[in-house]
Colleague: 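My structure is below; once you've seen it, I'll send some questions.
Labels below follow one simple rule: chain letters A, B, ... track the order of the sequence lines, proteins then strands, and each chain is numbered from 1.
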There are 2 protein chains.
Amino acid sequence: MERVLTNREAICQEGDAASHCTVLLDGFLVRSKIVGDREQILAVHVPGDFPDLQTLHLPVLDHDIVSVGPSRVGVIPHAHLKAILTASPTLTHVFWRETLVEAAIFREWVCNVGARSALASVAHLICELAARLDAVGLLQDHSFQLPLVQQDIANARGISAVHVNRTLQELRKRKLISWEGRSVTLLDRKELGKLAGFSGEYLHQRARPAAA
Amino acid sequence: MERVLTNREAICQEGDAASHCTVLLDGFLVRSKIVGDREQILAVHVPGDFPDLQTLHLPVLDHDIVSVGPSRVGVIPHAHLKAILTASPTLTHVFWRETLVEAAIFREWVCNVGARSALASVAHLICELAARLDAVGLLQDHSFQLPLVQQDIANARGISAVHVNRTLQELRKRKLISWEGRSVTLLDRKELGKLAGFSGEYLHQRARPAAA
DNA sequence: CGAGTACTTGAGGCACCTCAAGTTTTGTGG
DNA sequence: CCACAAAACTTGAGGTGCCTCAAGTACTCG
């Protein structure tokens, strides 16, 4: 079953008991959690991701999942998915692996918010999104569409929106990125990666598709 | 096979290709990653944990695993583990679930380093360790043994060791904890949890063992 | 019992924060 | 397709939580 989402529409919320899984077909989703008076974004999902695969074994959600920009998701009932996995040990391992890569990304995010400066951390987020979008063919000519606003970046990185603004200005001043409207361009991917301390290893991408 | 570890002994390092998994039988392990000139601790493991289960599907490690204090681990070859999992879909789901709980803990750590103050974040770490140690019977009378030093707490929380020291003094001053030598005691679990914004939900513990 | 490691304390500094006001862009109903 | 409101972005200025450096004290273990 398919479901079309407008901007900032909740798929599910903390405390919900999920009975189905979601696959993101088009657009973006973020997972977030309210911590005191702040909102912490835990993950940004790109097309091809299964953002709530963990509900198969941990049905009660410990965070919210919300669309960013117009999006489209596929919905798969748990019962259906379980039948498929029972029938195919190979698919079981594919899905398990998917959740393990996700965990590796969470680990890198701990490094981003814990050990990197605001500048490096924001640069790292852009590198990560570019690499993941590239893997599904959504990076064209070093550019991609990104409906996240500066407050989202702030919530993802644990810094203030004002500081995100100044950080992006610095990245633009250094001619590392351009960001106009919804369109982000990596002007110097190598230098940006160097500043961010980015290494794509943790994404455990199997193969890179040929460049367009 | 069993392996006995002394303090600060590496089990495996970033870049290694693992051919076996580990189960922590006794003591503590931390997973960490070097980020620029800092070390970020990604996870603290307690007895019963499988800290490198992900190597089954992602053999190349993206971080180090090191003992803290004298420890004892069991070593299970991948081939052996895969045979067991092939034979038992139930066990497959149990192990998968284990990695999903671990991912939930990573998410909470993102909140800790991203959205909580130093005081709340350190308090949260203590609450989490107490809850996890309680689940395996290693919390006695609100006390547990913890071989982590202040620099480790700093590396886990993305703050300086000096500030960890001052934070612990504040927690002691507020009569929330005592920490003498290796022994940590929760003097007021409720208040500590409140300060930390701690809710054990994310640990997805199935059942709590009866208190000793 | 000596040497290394961990802990503590003080003091000055800075990366990032909050508040606040203005400008630009985006979305929406008439 | 315009008018208007709301949201997003930008800029300035003062503040603070945590940092770094540095020195001294107290463990711990061989």
Side-chain angles (χ1 to χ4, degrees), chain A residues 5-9 28 30 35-41 66-70 112-125 145-173 177-184 195, chain B residues 6-9 28 30 35-41 66-70 112-123 125 145-173 177-184 195:
Chain A
L5 301 163
T6 63
N7 188 29
R8 311 286 160 173
E9 204 170 336
F28 289 82
V30 296
V35 182
D37 57 356
R38 301 195 184 195
E39 181 186 338
Q40 177 69 48
I41 290 183
V66 176
S67 63
V68 180
N112 273 309
V113 286
R116 292 192 172 96
S117 68
L119 190 66
S121 178
V122 170
H124 198 281
L125 178 59
Q145 298 300 307
L146 189 67
L148 295 177
V149 297
Q150 293 184 3
Q151 183 66 59
D152 294 322
I153 309 295
N155 293 345
R157 284 320 186 224
I159 59 180
S160 71
V162 169
H163 201 57
V164 167
N165 186 283
R166 291 178 173 135
T167 299
L168 290 176
Q169 284 180 48
E170 178 67 21
L171 290 175
R172 281 191 281 242
K173 196 182 114 194
I177 66 162
S178 85
W179 187 327
E180 283 157 28
R182 309 262 110 111
S183 183
V184 180
L195 170 66
Chain B
T6 62
N7 189 29
R8 311 287 160 174
E9 203 169 338
F28 289 83
V30 296
V35 182
D37 57 356
R38 302 195 184 196
E39 181 187 339
Q40 177 68 48
I41 291 183
V66 176
S67 63
V68 180
N112 274 308
V113 286
R116 291 191 172 97
S117 68
L119 190 66
S121 179
V122 170
L125 179 58
Q145 297 300 306
L146 189 67
L148 296 176
V149 298
Q150 293 184 3
Q151 183 65 59
D152 294 321
I153 308 295
N155 292 345
R157 285 317 187 227
I159 60 180
S160 70
V162 170
H163 201 57
V164 167
N165 186 283
R166 290 179 173 135
T167 300
L168 291 176
Q169 285 179 47
E170 179 66 22
L171 290 175
R172 282 191 280 243
K173 196 181 115 195
I177 65 162
S178 84
W179 187 326
E180 283 158 29
R182 308 262 110 109
S183 183
V184 180
L195 170 66

Colleague: Of the listed nucleotides (D/dT10, C/dC16, C/dG10), which one gets closest to any side-chain atom of B/V162?
Modeller: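 Selected nucleotide (nearest to the side chain): C/dG10.
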Colleague: If I take atom CG in residue B/L119 and atom C1' in nucleotide D/dT16, what distance separates them, rounded to the nearest angstrom?
Modeller: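 Atom-to-atom, B/L119 to D/dT16, this comes out as 15 Å.
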Colleague: Side chain of A/V149: nearest nucleotide among C/dC7, D/dC18, D/dA8?
Modeller: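 The nucleotide sitting nearest to the side chain is D/dA8.
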Colleague: Quickly work out the A/I159 CD1 to D/dG17 P distance and round it to whole Å.
Modeller: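 Those two atoms, CD1 and P, are 18 Å apart.
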Colleague: Can you tell which of D/dC18, C/dT8, D/dC19 lies closest to the side chain of B/S160?
Modeller: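 Looking only at side-chain atoms, B/S160 lies closest to D/dC19.
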Colleague: What I want to check is whether an N or O donor and acceptor connect the side chain of A/R166 with the base of D/dG12 at under 3.5 Å.
Modeller: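 By the distance-only test, yes, there is a pair.
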Colleague: When the distance from CD of B/E180 to C1' of D/dT28 is rounded to whole Å, what number comes out?
Modeller: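 Answer to the nearest Å: 16 Å.
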Colleague: Between B/Q169 (CD) and D/dG17 (P), how many Å, whole number?
Modeller: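 So the two atoms are 17 Å apart, to the nearest Å.
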Colleague: With a non-hydrogen cut-off below 4.0 angstrom, is A/R116 in contact with a base, only sugar-phosphate, or nothing?
Modeller: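 It contacts nothing in the nucleic acid.
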Colleague: I want to check something: taking the side chain as every heavy atom from C-beta on, are A/V68 and A/R8 in contact at a cut-off of under 4.5 Å?
Modeller: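 Yes. Closest side-chain heavy atoms under 4.5 Å.
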Colleague: In whole Å, what is the span from the NZ atom of B/K173 to the P atom of C/dT9?
Modeller: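 In whole Å, C/dT9 P lies 12 Å from B/K173 NZ.
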Colleague: Would you kindly give the CG-to-P distance between A/D152 and D/dA7, to the nearest whole Å?
Modeller: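 A/D152 atom CG is separated from D/dA7 atom P by 14 Å.
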Colleague: Starting at atom NE2 of A/H163, determine the distance to atom P of D/dT16, rounded to an integer number of angstrom.
Modeller: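 One finds 18 Å between P of D/dT16 and NE2 of A/H163, rounded.
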Colleague: Give the minimum heavy-atom separation between A/S67 and A/T6, together with the two atoms involved.
Modeller: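 In terms of heavy atoms, the two residues are closest at OG-O, 2.6 Å.
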Colleague: Can you see if the side chain of A/N165 gets near the phosphate of D/dT10 - specifically, an N or O under 4.0 Å from OP1 or OP2?
Modeller: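 Checking D/dT10 against A/N165, a side-chain N or O does come within under 4.0 Å of OP1 or OP2.
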Colleague: Rounded off to whole Å, could you give me the CG-to-C1' distance for the B/D37 and D/dT20 pair?
Modeller: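 That distance rounds to 12 Å.
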Colleague: Can you measure from CG (B/L168) to NZ (B/K173) and round to the nearest 0.5 angstrom?
Modeller: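 If we round to the nearest 0.5 Å, B/L168:CG and B/K173:NZ are 14.0 Å apart.
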Colleague: Please compare A/R38 and B/N7 by the position of their nearest nucleotide in DNA chain C and report the one closer to 5'.
Modeller: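 Its nearest nucleotide being more 5', the pick is B/N7.
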Colleague: Report yes if some heavy atom in the side chain of A/I159 is under 4.5 Å from a heavy atom in the side chain of A/V122; otherwise report no.
Modeller: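 Sidechains of A/V122 and A/I159: in contact.
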Colleague: I would like to know whether B/R182 and B/L146 meet side chain to side chain contact (heavy atoms under 4.5 Å, CB included); could you show each step before the answer?
Modeller: CA-CA 5 Å; B/R182 308 262 110 109; B/L146 189 67; over 6 Å; no
Colleague: Between D/dC27 and B/R182, is there an OP1 or OP2 to side-chain N/O distance shorter than 4.0 Å?
Modeller: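 No.
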